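These numbers were taken from a predicted model, which means no experiment stands behind them. In what follows, chains are A, B, ... by sequence order, proteins preceding strands, each numbered from 1.
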Protein chains: 2
Amino acid sequence: MKPEHQIIDLAKVKVSCTNCSLTELCLPRGMGEDAVRKLEKIIKRASPLQKGEYLYRGGDPFNGIYAVRSGLIKVYANSDGGEEQIIGFYLPGEILGLDAIENNTHACFAVALETSSYCTIPFADLSGICKVVPELQDQLFKIMSRELTNENQMLLTLGKKNAEEKVATFLLTISNRYRQRGYSANDFKLIMSRQEIGNYLGVTFETVSRIFSRFQRDGIISVHKKYVNILDMDALKKLVSGCCG
Amino acid sequence: MKPEHQIIDLAKVKVSCTNCSLTELCLPRGMGEDAVRKLEKIIKRASPLQKGEYLYRGGDPFNGIYAVRSGLIKVYANSDGGEEQIIGFYLPGEILGLDAIENNTHACFAVALETSSYCTIPFADLSGICKVVPELQDQLFKIMSRELTNENQMLLTLGKKNAEEKVATFLLTISNRYRQRGYSANDFKLIMSRQEIGNYLGVTFETVSRIFSRFQRDGIISVHKKYVNILDMDALKKLVSGCCG
DNA sequence: CGCGTCGTTGAAGCCGCTCAATAGATGTGG
DNA sequence: CCACATCTATTGAGCGGCTTCAACGACGCG
């Protein structure tokens with residue numbers, strides 16, 4: 001047994017946005033030192049979530065928003081009929097929970113798809129700092145605005161694209177987001193299952209599987225289990241821009 | 001001819017949120033007198049848009065957000081392939097343009113579907129007031145949060161529902177929004193065309209037409225041209241909650 | 001009246017779903 | 001370590017809901 005003093009309460013660990021590699025993607029992006037220091041005072045870091053553990057559930061009171069530090073968080077909504085619709089997958093540096101501000105209650109569910117660490121940002125405190133740190137207010141407006149833009153894109157994908165275009169769009173979006181984070185844009189692991197990809201895109205998982213296979217036959221990608229290698233990025237891009245390139 | 005002094009430059013007309021019947025739906029909701037007065041100072045009212053006139057287009061610089069005063073504004077995005085996806089229909093009291101904050105550029109198009117009046121709220125000014133009027137900042141966060149919630153609902157509709165459920169959901173949503181505004185929840189005119197309803201819901205206009213006819217045959221609604229009368233609200237609600245009541 | 005737009009309705013075809021079988025991966029317990 | 005159960009992924013076959021294509025009627029407008 002290790003001595004007791006090595007047991008660390010992660011909730012009390014001081015969060016350092018300054019030293020965080022995600023700063024340029026996350027809330028502190030473009031903020032001054034002073035502002036970041038104020039931010040650090042309210043942000044809490046809890047112990048990481050294990051796969052399958054929930055960050056919040058529908059009906060939970062809204063306490064704060066969350067920034068993903070590592071791992072992957074799935075957010076989904078439940079329809080009246082009980083089936084779930086995945087709203088989004090959140091990568092390190094991205095912020096979730098913003099949709100609960102209005103009602104002070106979460107309507108969606110947020111669950112870790114792999115071991116994930118995150119920061120909790122109590123919203124009352126954040127809102128308070130916004131009132132004295134104009135840059136932070138602007139940054140929060142921008143983050144919410146970006147979320148709206150992302151969802152608009154998703155509406156377009158769900159409403160206008162066929163299954164093949166949906167899957168191609170999905171792969172490209174994931175690829176871009178990994179590149180932003182310094183990972184390879186061509187080789188990556190899809191943490192989520194085929195089931196979850198299909199749910200997100202509004203198609204069945206069999207269709208996702210078939211299209212992956214087709215893309216592989218056509219030399220556009222190569223897939224082994226959850227690992228994807230994009231071989232022909234241009235072909236993928238051509239697929240999403242409809243037709244007639 | 002009327003004398004010249006009756007020609008009014010509407011852009012210079014003082015806007016009075018205080019006297020506006022939409023206050024409780026719009027930006028000033030729940031704000032104190034002082035805050036509303038500050039808000040009134042920056043809000044501009046231009047001459048109404050005629051049917052088919054644009055509030056903004058994709059690529060336009062972002063100057064401010066807009067509050068609908070009367071009429072109906074359609075917002076849509078263009079895919080790479082050139083086809084449009086309608087993102088939403090905005091009724092009096094609702095605010096649009098929030099998705100352009102991040103990039104300082106509009107990615108979507110906003111066009112009037114009938115004669116519509118609106119208020120322009122320059123975002124730089126609004127953001128400035130937010131910094132001294134905490135209630136306004138909170139209200140803006142809430143409005144953006146609500147927009148996110150709405151879009152989440154729409155993702156669920158597009159991703160999980162069949163054509164019948166989509167149309168039923170659409171009718172119920174419209175009905176609720178009219179009721180909120182003091183209009184009849186059972187009798188209303190659909191300003192948008194079948195084409196636009198279908199586009200919004202991710203189905204063809206023929207399908208929308210067929211489902212309207214089916215609903216009428218089943219005694220759920222009665223439709224004549226653009227006029228809809230909801231006869232059996234419960235039946236509609238049962239349709240959207242999937243199955244098994 | 002003639003023309004264009006919008007809405008309705010029918011018929012046929014296709015894309016994606018449903019159902020099903022199989023294989024591989026993963027985990028568990030004897 | 002292997003037998004067994006479970007879960008995920010792949011692939012095939014057939015079906016069905018929605019789309020596509022087409023014809024027609026109802027309006028509105030010059």
Quiz prompt | Axis-to-axis angle between the two ends of the helix from C:dC1-D:dG30 to C:dG30-D:dC1 (five base pairs per end, rounded to 10 degrees) | solution = 30°

Exercise. State whether the side chain of A:N199 and the backbone N or O of A:I86 hold a donor-acceptor pair below 3.5 Å, judged by distance alone.
Key: yes

Self-check item: Rounded distance in Å - NZ (A:K51) to P (C:dG27)
Solution: 8 Å

Self-check item: Heavy-atom protein contacts under 4.0 Å, nucleotides 6-19 of chain C, coded B base, S sugar-phosphate only, - none
Solution: -SBBBB----SSBB

Self-check item: SB check B:K160 B:E165 (cutoff 4.0 Å)
Solution: no

Quiz item: Below 4.0 angstrom, N of the basic side chain to O of the carboxylate: do B:E94 and B:R69 qualify?
Solution: no

Quiz item: B:L201 CG to D:dT19 P: how many Å, rounded?
Solution: 11 Å

Practice problem: Answer with yes or no after comparing the ring centroid distance for B:F188 and B:Y183 against a 6.0 Å cut-off, counting only values under it. | Solution: no

Quiz item: Over how many whole Å does the gap from B:H224 atom NE2 to D:dG25 atom C1' extend?
Solution: 15 Å

Quiz prompt | Check ion pair B:K74-B:E84 (N to O, under 4.0 angstrom) | solution = yes

Self-check item: A:K51 versus A:T115, side-chain donor and acceptor atoms under 3.5 Å
Solution: no

Exercise. Assess whether atom NZ of B:K226 is packed by more than 12 heavy atoms of other residues, nucleotides or ligands within 6.0 Å.
Key: yes

Quiz item: Would you say the ring centroid of B:Y66 lies under 6.0 angstrom from that of B:Y56?
Solution: yes

